**Q** 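Dropping the structure in here first, questions after.
All figures in this text were calculated on a predicted structure; none of them were measured in a lab. Just so it is clear: chains get the letters A, B, ... in the order the sequence lines come, proteins before strands, and each one is counted from 1.
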Protein chains: 2
Amino acid sequence: MKKTYSEENYLKAIYHIDQNGLKVSPKAIAAALDNNPASVIDMIKKLQEKLLISYDKVNGAKLTPPGKASALDIIRKHRLWEVFLVEKLGYDWDEVHDIAEQLEHIQDDRLAAKLDAFLGNPSFDPHGDPIPAENGKMPVYANILLSDLEIGKMGKVGSVRDTSTPFLKYLKQLQLGLGSSIEVLDKLEFDQSMIISINNGPPQTVSSKMTSNILLIPC
Amino acid sequence: MKKTYSEENYLKAIYHIDQNGLKVSPKAIAAALDNNPASVIDMIKKLQEKLLISYDKVNGAKLTPPGKASALDIIRKHRLWEVFLVEKLGYDWDEVHDIAEQLEHIQDDRLAAKLDAFLGNPSFDPHGDPIPAENGKMPVYANILLSDLEIGKMGKVGSVRDTSTPFLKYLKQLQLGLGSSIEVLDKLEFDQSMIISINNGPPQTVSSKMTSNILLIPC
DNA sequence: TTCATTAATTAGGTTAATCTAATTATATAT
DNA sequence: ATATATAATTAGATTAACCTAATTAATGAA
Ligand SMILES: [Mn+2]
Ligand SMILES: [Mn+2]
Ligand SMILES: [Mn+2]
Ligand SMILES: [Mn+2]
């Protein structure tokens, strides 16, 4: 089942829209690919025929297992090539996307594996995005509990353990969400509470109950 | 003047057919690209419009200076990528052509120069073909005089210094032409004459006058 | 609910690159 | 010189991936 460049770009766009928790509508795909909803409808029909997606107006497009495998393969190649361009050729991280957009479509059974090995099996691309493995598994960020972070270190909020409404309300009040940066300014021996700075804001004291429910991506 | 993949492949094919000393006819191009002479005529018209080639039935297609520059740029990228695939990714030399056929079309102003530097500015690709420089200049093989070749070493005839009819007649008589292989079996101190094997043939004695007029690509 | 807005879909074209099947021109061999 | 074969070219289709301009369906605000 050889795929055209265009089909590959549609599969990738569908994957990314879905990943963002949005409905994969013709309008959304058209926006992602900078083309026309009418064109998208044509391609939706084609991808349905090939059993790479399912589609209905209510639920939008969904990747089938083979469709998802294809999408992940393309994303894997995109991100591996980005690593190559930055690590080996000396491009800056903000210059490589358009080139990888082309390189991701190069077809060869063994190319991704060989490139992966040559680059030392990287887990993340130059933008910090995870590189899917050959089997499609995404690497997980090596998250660390805020309570385990040392004084002076920083991290970005990757996920939370407690998802109860009171806790999330508390986080909102602190202006703290996924991706917010946290710096540990001090730890109090007495009750393990911490003084932290959120997004480089003023020092705030938080309890050990709070810090043991926040998972960070260290930086 | 952005070019399509197809236009680039035509320019390259025209360059190579011409390089082989053949007339660049629609039939020859069609054979090179494994397509139809009728399709070739369409593209010939398009490339003429873009002033990348000139064409008439009698002389066939000729690259204009910008057309030739484009062709050499594509060939440069093709051969650089082949070096990358063999030297860095560990492919065998006979596996890389089809991948390079795709990679040669990747568009980025700085990519060829960065790849060239990363590879250590190679002069020849894994098949021994010269890699054009950025300015289109082809590297010259580091030829060595047959008279300077040591006993036991081999080389291929790359060019001759003396182009007089008697000398060329003599070479023809020896069944020796461009590309023929020569192995040095022995050197006679007495008059610097040599005993050589041509294309693995029987030993033959040649004079120092002969050996000082043959340039070899060592192997 | 009704009207207005937005989204999805259909209908009908366009362009690039290919094809097959004529047709015309050239070259070759008797 | 004429017939025959081969090459070049024209004519007419096809396919993929787009487009614009209707039209139909769904949403949502008054
Ligand atoms: Mn792409
Ligand atoms: Mn990236
Ligand atoms: Mn190519
Ligand atoms: Mn080569």
**Q** Against B/E8, only a single residue in B/Q107, B/H78, B/K3 fulfils side-chain hydrogen bond (donor to acceptor under 3.5 Å, both in side chains); can you say which?
**A** B/Q107
**Q** With heavy atoms under 4.0 Å as the rule, sort A/P37 into base, sugar-phosphate or nothing.
**A** base
**Q** A/I41 CD1 to D/dC18 P: how many Å, rounded?
**A** 14 Å
**Q** Which nucleotide in the list D/dA16, C/dA8, D/dT20 gets nearest to the side chain of A/P26?
**A** C/dA8
**Q** So, does B/Y10 get its side chain near the phosphate of C/dT18, meaning an N or O under 4.0 Å from OP1 or OP2?
**A** yes
**Q** What nucleic acid atoms does A/K45 come within less than 4.0 Å of, heavy atoms only: base, sugar-phosphate, or nothing?
**A** sugar-phosphate
**Q** Taking the nucleotide of DNA chain D with the closest heavy atom to each, which residue, A/N36 or A/T4, is nearer the 5' end?
**A** A/T4
**Q** Side-chain N or O of A/N35 versus OP1/OP2 of D/dA17: is the shortest distance under 4.0 Å?
**A** no
**Q** Quick one: do A/D116 and A/R76 satisfy salt bridge (charged side-chain N to carboxylate O under 4.0 Å, His left out)? Show the steps, please.
**A** CA-CA 9 Å; A/D116 189 33; A/R76 170 172 160 77; 3.7 Å; yes
**Q** May I ask you to evaluate whether B/Y55 reaches the phosphate of D/dT9, defined as a side-chain N or O under 4.0 Å from OP1 or OP2?
**A** yes
**Q** Ignoring backbone atoms, establish whether B/K57 has a side-chain N or O less than 4.0 Å from OP1 or OP2 of D/dA7.
**A** no
**Q** Which whole-number value in Å describes the distance from B/I44 CD1 to D/dT10 P?
**A** 11 Å
**Q** OP1 or OP2 of D/dA16 sitting under 4.0 Å from any side-chain N/O of A/S6?
**A** no
**Q** Is it the case that B/D162 and B/Y170 place a side-chain donor and acceptor less than 3.5 Å from each other?
**A** no
**Q** Starting from the 5' end of DNA chain C, give me the residue, B/A38 or A/D42, whose nearest nucleotide shows up first.
**A** A/D42
**Q** Expressed in angstrom and rounded to an integer, what is the separation of B/L33 atom CG from C/dA17 atom C1'?
**A** 12 Å
**Q** Rounding to an integer number of Å, can you tell me how far B/D56 CG sits from D/dA8 P?
**A** 12 Å
**Q** Does D/dC19 have OP1 or OP2 under 4.0 Å away from a side-chain N or O of A/S39?
**A** yes
**Q** Nearest to the side chain of B/K46, heavy atoms from C-beta on, is which of C/dA17, D/dA8, C/dA8?
**A** C/dA17
**Q** Relative to the ring of B/Y5, is the ring of A/Y5 parallel (under 30°), tilted (30 to 60°) or perpendicular (over 60°)?
**A** perpendicular
**Q** Just how far, in rounded Å, is P of D/dA17 from CG of A/L11?
**A** 12 Å
**Q** Give a yes or no answer on whether the side chain of A/K88 reaches the backbone of B/F118 with a donor-acceptor pair at less than 3.5 Å.
**A** no
**Q** Can you tell me how far C1' of D/dA17 sits from CD of A/E7, to the nearest Å?
**A** 11 Å
**Q** In whole Å, what is the span from the CD atom of B/E49 to the C1' atom of C/dA16?
**A** 14 Å
**Q** Whole angstroms only, please: what is the CD1-P distance between B/I17 and D/dA7?
**A** 14 Å
